[in-house]
There are 2 protein chains.
Amino acid sequence: MTGSGTPARILLADDHALVRRGVRLILDAQPDLEVVAEAGDGAEAVALLRDPTSDLAVDLAILDVAMPRLTGLQAAREISRMRTPPTILMLSMHDNEQYFFESLKVGASGYVLKSVADRDLVDACHAALRGEPFLYPGSERRLVRDYLERLRRGERLPPAALTPREDEVVKLIAEGHSSREIARELTISVRTVERHRENVLQKLGMRDRTELTRYAVRVGLIDP
Amino acid sequence: MTGSGTPARILLADDHALVRRGVRLILDAQPDLEVVAEAGDGAEAVALLRDPTSDLAVDLAILDVAMPRLTGLQAAREISRMRTPPTILMLSMHDNEQYFFESLKVGASGYVLKSVADRDLVDACHAALRGEPFLYPGSERRLVRDYLERLRRGERLPPAALTPREDEVVKLIAEGHSSREIARELTISVRTVERHRENVLQKLGMRDRTELTRYAVRVGLIDP
DNA sequence: GGGCCCATGGGGAGTGCCACCCACATCGCC
DNA sequence: GGCGATGTGGGTGGCACTCCCCATGGGCCC
């Protein structure tokens, strides 16, 4: 991939122009990296990569996880289905288990937090371009350790998002409804509502409704 | 302010190192602007400005609205109460009315969205340093027009919502901390934490922590 | 000085939430 | 034809949350 002579060609997608500009400055400072295209949302990124006339020949796509129109996750899913997809590196504000696993599921090779130093971003780009799955800044993190451990044991990823019913319950919880109200709304027993809530909390590794509420906002189940 | 000879001295606070790095590269490229300090959260920014030994002599503080520990808004409130406070410019991801007014209330001279171009950020810095209240990218915005209109008519800003202490408590609640944890964090009794929570719920007409969490996300006390 | 807001505490009652245990019916899939 | 996933339901216990009541002291404004 990308011989030692020509720099790797990068598409950069983030909805904040300032962030884009900053990341671009960081990457272009590297002799072997070159940002050849920018996108302000996921749809734009996909369109740029699909356009046969543009002939971008992108080696690496860096996508912000959360963007308008098409999120980075959705865009990654589309991009990884192309004939000769570029390597995908997800950029995220959130040190969040769900996002991380979702990113791997949609075909990303790397997941980098915006809180890391610029050096780490450059490292992640290099690792991704070498074909190594750069998982996280700081592989000592429990999240990654557990993930690698599961990989080693041959287990497949069960991060399995939520079931449709669980999504419904989470949405109502995050909207501030009590278990009793939700039970009435869905015409099931209070116990079943609580059961769903427990399962979701356990699945996502969360403790209470406030975390659930932030999750619901993040994934777009509700508006804040 | 800042003679034409020496560049203006800037403190930059944002919890995402990558964003900090990018903004710094943008600003340092200007001959008359110089980032002399960085902070990863509001508390750090305040501490740096307060420290008499550091002698930073900061002319302009650029604060991200949403940061851990102390938000940019809380930090701005503290900073503007110092003896010789620097000019304050708020940096925000959110095109949000509440946020915008809150920023003005806590003493900020400018409010810039992260979605603007780097040129606009530089312009905002220059305007703020000249003492002009640079209100928003694009002063034709209805938000700003209405605000200026109300100022002209001598109206005061809409009611002050929450007290600083209440803001702190809400932030911690929305981050998922229990009353006991918050009490330890703020070194007050559990009863007082609960008292603040009750008052806030009553003030905002809300019922529980999930509504409070959405509120905190809306006004930018926390990120989802 | 008197009033008001703010921050700090406490008691008690009722309810909700959350974590552990248990079970059974259905459906699809291999 | 069993096996896992999904949805449904129950019980118990402990703690947290929410809503009432009470109070004191400091600061600010008229």
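A, B, ... follow the sequence lines: proteins, then strands. Residue 1 opens every chain.
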Atom pairs, protein N/O to nucleotides 19-29 of chain D N/O, distance under 3.5 Å:
{"residue": "dC19(D)", "atom": "N4", "partner": "Glu198(B)", "partner atom": "OE2", "Å": "3.3"}

Practice item. Please tell me if the side chains of Ile182(B) and His196(B) come closer than 4.5 Å, counting only heavy atoms from C-beta onward. Key: no

Practice item. Could you tell me whether the side chain of Val58(B) reaches within less than 4.5 Å of the side chain of Leu49(B), counting heavy atoms only? Key: yes

Practice item. Answer with base, sugar-phosphate or nothing: what part of the nucleic acid does Thr192(A) contact at a heavy-atom distance below 4.0 Å? Key: base

Point to revise | Exercise: do Ser189(B) and Thr192(B) side chains pair donor with acceptor under 3.5 Å | key: yes

Check your understanding: Does the side chain of Cys125(B) come within less than 4.5 Å of Leu60(B)'s, by heavy atoms?
Key -> yes

Review point. Taking atom P of dC17(D) as reference, at what distance in whole Å does atom CD of Glu211(B) sit?
Key: 16 Å

Review point. Roughly how many Å is it from CG in Leu186(A) to P in dG7(D), rounded to a whole number?
Key: 11 Å

Check your understanding: Tell me: CG of Leu212(A) to C1' of dC17(C), nearest whole Å?
Key -> 12 Å

Practice item. Could you tell me whether Arg21(B) atom CZ has more than 12 heavy atoms of other residues or ligands within 6.0 Å of it? Key: no

Review point. To the nearest Å, how far apart are Asp208(A) CG and dC15(D) P?
Key: 17 Å

Review point. Between Glu168(A) (CD) and dG7(D) (C1'), how many Å, whole number?
Key: 12 Å

Practice item. Check every strand shown and say whether Arg197(B) touches a base, only sugar-phosphate, or nothing at a heavy-atom separation below 4.0 Å. Key: base

Check your understanding: Taking for each residue the nucleotide of DNA chain C bearing the nearest heavy atom, is the 5' side occupied by Val190(B) or by Pro164(B)?
Key -> Pro164(B)

**Study point:** Residue pair Ile79(B) / Pro85(B): nearest heavy atoms and the distance that separates them
**Key:** O-CB, 3.3 Å

**Study point:** Angle by which the axis turns from one end of the helix from dG1(C)-dC30(D) to dC30(C)-dG1(D) to the other, five pairs per end, to 10 degrees
**Key:** 50°

Review point. With a non-hydrogen cut-off below 4.0 angstrom, is Ser179(B) in contact with a base, only sugar-phosphate, or nothing?
Key: sugar-phosphate

Revision key, fill the gap. Between CD of Glu181(B) and C1' of dA16(D) the distance, given in whole Å, is 11 Å

Practice item. Measure from CD1 on Ile182(B) to P on dA16(D) and round the result to the nearest Å. Key: 12 Å

Exercise for review: For Arg180(A), answer base if it contacts any base atom (sugar-phosphate contacts may also be present), sugar-phosphate if it contacts only those atoms, and nothing otherwise; contact means non-hydrogen atoms under 4.0 Å.
Suggested key: sugar-phosphate

Practice item. To the nearest Å, give me how far apart CD (Glu166(A)) and C1' (dT8(D)) are. Key: 13 Å

Review point. Do Leu63(A) and Leu91(A) touch side chain to side chain, with heavy atoms closer than 4.5 Å?
Key: no

Review point. Counting any heavy atom closer than 4.0 Å, what does Asn199(B) reach on the DNA or RNA strands: base, sugar-phosphate only, or nothing?
Key: nothing

Revision key, fill the gap. Nearest heavy-atom approach of Ala39(B) to Leu48(B) is CB-CD1, 4.2 Å

Practice item. Using a strict cut-off of less than 4.0 Å between a Lys/Arg side-chain nitrogen and an Asp/Glu carboxylate oxygen, indicate whether Asp208(A) and Arg209(B) qualify as a salt bridge. Key: yes

Review point. Does a side chain donor of either Arg197(A) or Ser179(A) reach within less than 3.5 Å of an acceptor in the other side chain?
Key: yes

Check your understanding: Do the side-chain N or O atoms of His196(A) get closer than 4.0 angstrom to the phosphate oxygens (OP1, OP2) of dG9(D)?
Key -> no

Check your understanding: Does OP1 or OP2 of dC17(D) have a side-chain N or O of Ser178(B) closer than 4.0 Å?
Key -> no

